[in-house]
Amino acid sequence: MFPEHRPRRLRRTETIRRMVRETHVRVDDLVYPLFVKEGSSIHEPIESMPGQFRHSPDRVAPLAKQLSSLGIPAVLLFGIPGKKDASATSAHARDGVVQQAVRRIKDAAPELAVITDVCLCEYTDHGHCGILDDAGQVSNDDTLEVLAKTALSHAKAGADIVAPSDMMDGRVGIIREELDENGFEHTAILSYAVKYASTFYGPFREAAGSAPSFGDRRGYQMDPANVREALREAAHDVEEGADMLMVKPALPYLDVIRLIADEFDEPLAAYQVSGEYAMIKAACERGWLFEDACILESVTAIRRAGADLIITYFAPRLAELLS
Ligand code: PBG
């Protein structure tokens with residue numbers, strides 16, 4: 001007891017603090033999400049995500065080189081297609097926007113790992129993550145086949161890792177089967193296993209033009225109130241062949257990250273989503289918080305909770321801060 005015990009002794013200098021620090025964020029842990037938009041010479045700012053842009057495929061090569069030279073190991077691609085339809089045809093087109101961007105990135109910076117988001121919401125004219133049935137409901141089983149085709153087309157373009165984010169049941173197994181049958185047994189699957197129906201995706205939906213035109217995503221994404229369900233979702237995906245798991249969003253779900261990290265051995269990613277980014281940006285623009293400190297503290301908290309990888313729009317700035 002005090003006065004023998006004085007925890008402040010180990011907080012006295014930065015050197016001592018460094019020596020006893022328990023959690024470290026490394027540039028190797030970072031994944032940078034990138035929006036690619038059909039067209040050419042596009043470098044378009046995203047209003048609700050200051051500092052983030054939509055790029056056309058012809059503009060991604062220099063960016064890929066720059067990210068790679070910062071030491072960032074991977075990008076996560078989202079596509080904004082020129083055409084949308086009811087069956088998300090452009091999601092699996094050989095010359096789809098993501099497929100084009102993957103080829104350009106792999107040409108420019110082959111060492112940069114390319115992860116592709118596999119979902120239909122950016123490609124459907126109604127903005128839902130799957131194919132609708134006659135009653136206007138998202139049909140799980142009709143969607144699976146389109147997701148599998150989409151994942152395969154990403155793998156054919158050169159994606160190292162495919163990341164299904166649609167939250168249909170059984171998608172990891174179907175994607176694994178499709179990849180294996182076509183000779184892509186080395187393409188890994190990062191499953192958005194635990195993805196909540198979160199309001200913090202708002203800015204992303206502006207960025208990707210993917211807000212649902214009616215209803216919401218609560219029929220397929222998880223209820224923010226649930227946590228036992230997260231264990232079931234992760235267990236299913238591991239059984240179906242997921243190589244890595246994800247929890248999303250990150251900061252409001254640190255308890256879920258901790259739980260999944262404790263229960264599963266698979267590498268775990270956490271996604272600091274668009275709304276988390278926008279909150280920090282907005283407060284810092286007003287001078288109410290300091291941006292670099294917010295970035296470091298938030299990702300440290302996400303690591304401390306148990307995430308191995310952090311998908312974050314702050315990745316380039318973090319890489320600078322960490323070097
Ligand atoms: C696609 C998808 C979304 C995000 C990642 N993949 C949007 C959604 O589910 O509505 C959100 C990412 C972010 O907010 O940064 N389904």
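Excluded from the calculations below are hydrogen atoms, water molecules and symmetry mates; all remaining heavy atoms, backbone and side chain alike, are included. Starting from 1, each residue takes its place in the sequence as its number. Atoms within each ligand, like the ligands themselves, are counted from 1 in listed order.
Although no hydrogens or angles enter the test, the distance criterion places a donor-acceptor pair under 3.5 Å between the side chain of T300 and the main chain of L296.
When heavy-atom distances to ligand 1 are checked against a 4.0 Å cut-off, D117 comes that close only through its side chain, counted from C-beta outward. With a 4.0 Å heavy-atom cut-off, ligand 1 is reached by no atom of Y277. With a 4.0 Å cut-off on non-hydrogen atoms, C121 touches ligand 1 through its side chain and not its backbone.
Regarding atom 12 (C) of ligand 1, its nearest protein heavy-atom neighbour is F204 CD1, 3.4 Å. Given atom 2 (C) of ligand 1, the protein heavy atom at minimum distance is K195 NZ, 3.3 Å.
Annotation for ligand 1: atoms under 4.0 Å from non-hydrogen atoms of S274 are 13 (C), 14 (O), 15 (O). Counting atoms of ligand 1 from 1 in the listed order, those under 4.0 Å from a heavy atom of Y271 are 12 (C), 15 (O). Atom numbering of ligand 1 starts at 1 in the shown order; those under 4.0 Å from a heavy atom of F78 are 5 (C), 6 (N). Atom numbering of ligand 1 starts at 1 in the shown order; those under 4.0 Å from a heavy atom of R217 are 8 (C), 9 (O), 10 (O).
Within 6.0 Å of CD in E47 there are 12 or fewer heavy atoms belonging to other residues, nucleotides or ligands. The number of heavy-atom neighbours closer than 6.0 Å to CD of E22, taken from other residues, nucleotides and ligands shown, is 12 or below. The 12-atom threshold is not exceeded at CZ of R286, counting heavy atoms of other residues, nucleotides or ligands nearer than 6.0 Å. Applying the 6.0 Å contact sphere to CD of E145 captures no more than 12 heavy atoms from other residues, nucleotides or ligands. Within 6.0 Å of CG on D265 lie no more than 12 heavy atoms contributed by other residues, nucleotides or ligands. For CZ of R17, the number of neighbouring non-hydrogen atoms (other residues, nucleotides, ligands) closer than 6.0 Å is greater than 12.
Not close to ligand 1: E276, with no non-hydrogen atom less than 4.0 angstrom away. Under a 4.0 angstrom heavy-atom cut-off, K248 registers as being in contact with ligand 1. Residue contact annotation: Q221 has a non-hydrogen atom under 4.0 Å from ligand 1.
The aromatic rings of Y196 and Y253 lie parallel to each other, with less than 30° between the two planes, well short of the 60° mark.
Checking only distances, E122 never comes within under 3.5 Å of ligand 1, N or O to N or O.
Look at R59 and E44 and you find no salt bridge, because none of the NZ, NE, NH1 or NH2 atoms lies under 4.0 Å from a carboxylate O.
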